[in-house]
Amino acid sequence: MTDDHVRYRVRLVSAAHYENPVPVARHILRVRPRDDARQSVSAYALEIEPAPARVIETRDFFGNAVTSFTLDAPHDHFVFRAESDVALTIAASPDATPAWDEVRAQANAHAALDPDAPAHYLYASRIVALDDDITAYAAASFAPGAPIFESARDLAQRIHREFVFDAQATEVTSSPRAAFDARQGVCQDFAHIMIGGLRGLGLPARYASGFLRTLPPPGAAALEGADAMHAWIEIWCGAHAGWIGLDPTNDMPAGSDHILVAVGRDYADVAPETGVIVTQGKHRLEIAVDVRALTEAPN
Amino acid sequence: MSEPPQPVRDPLMKPLFEPRPRGDGAYEEMWDERGEMRAHWRDFADIMRALGPEEISRRNDSVARRLREAGVYFRSYDRNQEQPWPLSAVPVLIDADEWRAIEAGLVQRANLIEATLADIYGAQNLVRDGALPASLIAGSPDFLRPMVGARPRGGRFLHVYAADLGRGPDGRWWVLRDRTQAPSGAGYALGNRIALSRTLPETMRDLGVARLADFFRNWREALQTHASADSAGVALMTPGAYNDTYYEHAYLARYLGFLLVEGEDLVVRDRDVFLRTISGLKKIDVLLRRLDADFVDPLEFNFQSRLGAPGLADATRAGKLTFANALGSGLAESRALMAFWPMLAQRLLGEDLALPNIATWWCGDEAARAHVLSNLDALTLAPAFAGGDNVPAPRSDLVRRLAARGLDYVGQENITLSATPVWDGDSFVSRPFQMRVFLAATEDGWRAMPGGLCSIAPESDPRAMSLQRGGMAADLWVLGGDEPGAVFTLLPGAQDVRRANDMLTTRVADNLYWLGRYLERADVTLRLVRATAVRANERDSDVAQIARRMADLMRFWGVAPLDGPREPARIAAFALRDLESHGAPAMLLRRALDAGSAARERLSPDAWLTLNQLARLARPDLERGDDLDRVDRALNRLAAFNGYAQENMARGPGWAAFEIGRRIERGLAITRIVRALALPETTPASLDALVEMADSHGAHAQRYFVAHSLAAAADLLIFDEGNPRACAYQARRLRELADYLPAQTAPDGASRLRNAIVLFDAAIAAGDPRQVDAAFFASIDTALLRVADAFSSTYLSDLG
């Protein structure tokens, strides 16, 4: 491992307990960190309880790793533990990016439908509706002709400054508009709001789901969102620069503290766990995340 | 007494048919530019003149009646209830030569759409080469990413295609919209045709109207070729009874002999798809889909959908399931694609479009956007993809909006639609219309239904074609073809009838069973209410005591609150006015209607109508009339429903489930009533009430006139196998009904039901009419509940 890497061990535990036994359930998990140019997974283990008869590993359209299985014996709990060792390359700050209105024209004309093509991320999506007020809010960061990454950073900064982070503020299903009105929410809301604002301006933006290191490097402050799965955004900065991650919750580029698991149009594309269970009665869900640095980045 | 004024009609004043050139330059279907009647309308006009205005009006009225009788409805979103289907008695006539051109144009278009979908979900050359903008594809909510790269089972995306067509002022037909997701309307077109064939039989015969049956037969056969031999055949997948076109789903399923299934009927094991039936899981591999693809699988598409089944997308990718149409086909409904079809026709087929679609500019393209902005007055701005209405244009910020997000919009040319005659009470008048034409992929290629569903705009709003907004439907007659086609019936072959009847989904069995139980419970509750009401104000203390016992029984049944008032008069009145208590007749009949809706394709139109009348009769807020009068009418309708069930339901497992529900409920009710009225002591008043409740005055009077005793009443109501209200009779019927159910689901399953029935029988036989007591009643009650439990766990078990 060379010096320009940080290595992490990530543990995710999710436990659901059902009031009444669930006779049959079908689940999809997206919890395996991505392998890409920026990060590589050297070890990965997933335990599921109760153990399914058959586990299928595939990739979804966006290239995220998907684990699917059926639990077809009655069960009163469903637990999974995922442990990964991931090495992150420390990315250099992006070079000067093109003017945002130029990127808009480029995105529109980009003749590709591969998973990274900007076309997929230009429109309203299941959770992110396009909203005139959110677009107008975002527009204040985008002066005519300004470089796209700088403008987007300004927007992330404003969201960080003007919105209150409150883990209790919203449910997974709350609408970005409600969080926007309340000027508070969780990382997922801030990501959705920022994506909505960027798309309202005609810019490609996508949702990134992953982990954040739990303990800060020596001398740095702890980050918000490290005790659960985290969410940030990626903005397409033209064919040359491609996708660049920005974390509005912590007002920072997604760098060596952000371990990417899945990308998609919004949370609905990347939910770590999607399940269809047939049951009556309540269920209780607990998620715990622990991200430990195995090596520190060189200063 | 003076005579009512007779309508006077001056034959010279207002001719039946009159060319009325419209100011807007619209093409007239019936008239040419010189005011001459077009040739293909002349025979029709002659027949109408021969009928005369009174007769035309009479036939017009009878169309409405026929439709009601045939059970044709649509669900209005506003009022969330079913509305009568508004059908014009005047068909739109099209000459066979013109029809052939339309058919050829649509066949070309269907092939073009198929080739385009195959490319977009496959090689994606069109995007890679720049022929289609990537953002035009990616923006459609119907571009289903999980299906990219998956070839549909059977090789084709489209199995059914519909197009909305309108005729412009120059007489040319234009495609207004493409319908590729799950086209609706073919069933309504069929319903319209059946209604008109009964209203204007001689007209239809004399004009040689092309028949529709061949089309449906070919379509059915084409779909059946995709079903594997060991499968349950083709099923029509519906979102369920709350969908606005559910009526049509049930109607088509019935007509085509397909099972009607909902998401909860389907289960995916590994990657195979099964149907939950009362005989266990049955493999299924072809679904005629009337559910939008987004709702088909909550795991991969809309996670909030409760209408689909998890795993269906994966099974489809694995080639285990044919959807007609394939998941993702809805993409071709994008308005934005209309700007590209002429180019795509050249590129993919090497042909010009035979039938043009309305000129369209997608504002994601800069030049097109500029064109739209400078021609806003001549164009309609609409959402770029499927769904949504025209965009009401706040012109002020349109330039800014289109600059930022032009990709969300198209500009479309306005067309002044042609006008066709409708009957307005004393003459024919012209109204704008459009028509939907249906094509099915058959083994001999695409075939168009020689007819269609026309939508006629109301006078008030010439652009509102939707029935939801006051429009009207009309049939489409293709005239002068070589051969009218097969006689208009589609009697399924013997094999199909067998298959359709024997295969019963657990969900439908469950609903039929509960339909039987709720209706029977409503019946007995209404009798109890009536019997209580007539006794409530009696001075005779024995009679008053009986009224109190009845009122208590009703409270225990949830007809009125258990902790509320106890006075019989108040309970009876409450029972007939309350809508919310779980045992009140209004609630029971509402639940019966819900259960009946979910099993609708199993009910005859008369039975369905009766069920709706019943649900209304129980509602004092909807139905006028004295309370007790409503009770009598409701009991009468219940008897009618049971008559329809006996006479019109095929003797199979569905009928058996309904009957078993009724028999169990009746047995429970009579046992509990006898116990409540006969114990702790019997009086002449209680015997009288028992006999009244059992509706057995005749039988009792004849056979037990002298022996007015508890023993006689118990013999009549519990032990008499010949009395249809007696417990023993229910036991006998249950024994017979069990034979209509499949032998087993689990190896010991069926024997559980039979054993339970035998034990119920034995519990009755163990009793003695002269010594009935609480323990005896409890033993039959328990035995009957075990029958219910054995039936549910054997045939309705959730896991199947």
Side-chain angles (χ1 to χ4, degrees), chain A residues 23-28 53-54 56 58 60-62 66 68-70 72-74 101 104-105 107-115 117-127 130 132 135-136 138-139 142 172-173 199-204 264-265 267-269 271 274-279, chain B residues 120-121 124 126-141 143-149 263-264 267-271 294 297-306 308-311 314 317-318 364-366 384-385 397 400-408 797-800:
Chain A
V24 62
R26 214 176 160 100
H27 295 273
I28 281 185
R54 195 165 149 221
I56 297 170
T58 51
D60 64 17
F61 174 84
F62 302 103
V66 175
S68 42
F69 51 91
T70 302
D72 51 11
D101 20 17
R104 178 164 75 189
N108 224 337
H110 196 84
L113 279 176
D114 63 273
H120 303 294
Y121 311 97
L122 282 168
Y123 292 87
S125 53
R126 201 171 299 285
I127 298 175
L130 299 185
D132 284 349
T135 300
F142 288 79
V172 167
T173 50
R199 291 185 191 162
L201 297 170
L203 299 172
R265 290 162 297 177
Y267 176 79
D269 283 337
T274 307
V276 177
I277 61 174
V278 181
T279 183
Chain B
I120 291 169
Y121 285 101
Q124 296 186 339
L126 292 171
V127 168
R128 193 169 309 109
D129 298 351
L132 279 180
S135 45
L136 181 148
I137 301 305
S140 167
F143 174 51
L144 298 185
R145 290 166 180 81
M147 305 318 290
V148 170
E264 64 174 275
V267 59
V268 182
R269 290 282 150 85
D270 279 334
R271 304 178 89 179
D294 193 39
D297 187 341
L299 275 184
E300 300 208 34
F301 306 131
N302 189 337
F303 65 95
Q304 290 171 314
S305 170
R306 293 176 171 271
D314 190 46
R317 267 195 308 268
D365 176 81
E366 207 174 314
F385 304 100
D397 65 355
R400 184 191 59 77
R401 194 177 282 268
L402 287 188
R405 298 210 47 90
L407 11 85
D408 291 336
S797 156
D798 207 30
L799 289 173

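Every chain is numbered from 1, with letters handed out A, B, ... down the list of sequences.
The two residues B:Ala404 and A:Arg104 have their closest heavy-atom pair at CA-NH1, 3.5 Å. Closest heavy-atom contact between A:Ile28 and B:Glu300: CD1-CG, 4.5 Å. For A:Ala119 against B:Ala138, the heavy-atom pair with the smallest separation is O-CB, 3.4 Å.
Using a 4.5 Å cut-off between heavy atoms, A:Leu203 makes no contact with chain B at all. For chain B, the nearby parts of A:Thr274 are the backbone and the side chain; heavy atoms of each come within less than 4.5 Å. For chain A, no part of B:Leu132 is nearby; none of its heavy atoms comes within less than 4.5 Å. With a 4.5 Å cut-off on non-hydrogen atoms, A:Ala117 does not touch chain B at all. Heavy atoms closer than 4.5 Å to chain A are found in both the backbone and the side chain of B:Asp270. If you measure heavy-atom distances from A:Leu122 to chain B, the contacts under 4.5 Å come from both the backbone and the side chain. For chain B, the nearby parts of A:His120 are the backbone and the side chain; heavy atoms of each come within less than 4.5 Å. Residue A:Asp269 does not touch chain B at all, counting heavy-atom pairs closer than 4.5 Å. Only the side chain of A:Arg126 comes within contact range of chain B, with heavy atoms under 4.5 Å apart. Proximity to chain A (any heavy atom under 4.5 Å) is shown, for B:Val267, by neither the backbone nor the side chain. A:Phe62 touches chain B through its side chain: at least one heavy atom from C-beta onward sits under 4.5 Å away, while N, CA, C and O do not. In this structure, the portions of B:Val127 lying under 4.5 Å from any heavy atom of chain A include both its backbone and its side chain. For chain B, no part of A:Asp60 is nearby; none of its heavy atoms comes within less than 4.5 Å.
For the atom pair CD of B:Glu366 and CG of A:Asn108, the computed distance is 9.0 Å after rounding to the nearest 0.5 Å. With rounding to the nearest 0.5 angstrom, the CD1 atom of A:Ile127 is 5.0 Å from the CZ atom of B:Phe303.
Contact count against chain A (heavy-atom pairs under 4.5 Å) is highest for B:Ala134 among B:Ala309, B:Gly364, B:Ala134, B:Pro141. Of the listed residues (A:Val66, A:Asp72, A:Asp132, A:Thr70), the one with the most heavy-atom contacts under 4.5 Å to chain B is A:Asp132. The residue among B:Pro146, B:Gly311, B:Gly130, B:Gly406 with the most heavy atom pairs within less than 4.5 Å of chain A is B:Gly311.
Within the 4.5 Å cutoff, the side chain of A:Tyr123 has heavy atoms near those of the B:Ser135 side chain. Side-chain contact between A:Thr135 and B:Arg405 is absent, with no heavy-atom pair separated by less than 4.5 Å. Using a 4.5 Å cut-off on side-chain heavy atoms (C-beta onward), A:Thr58 and B:Asp314 make no contact.
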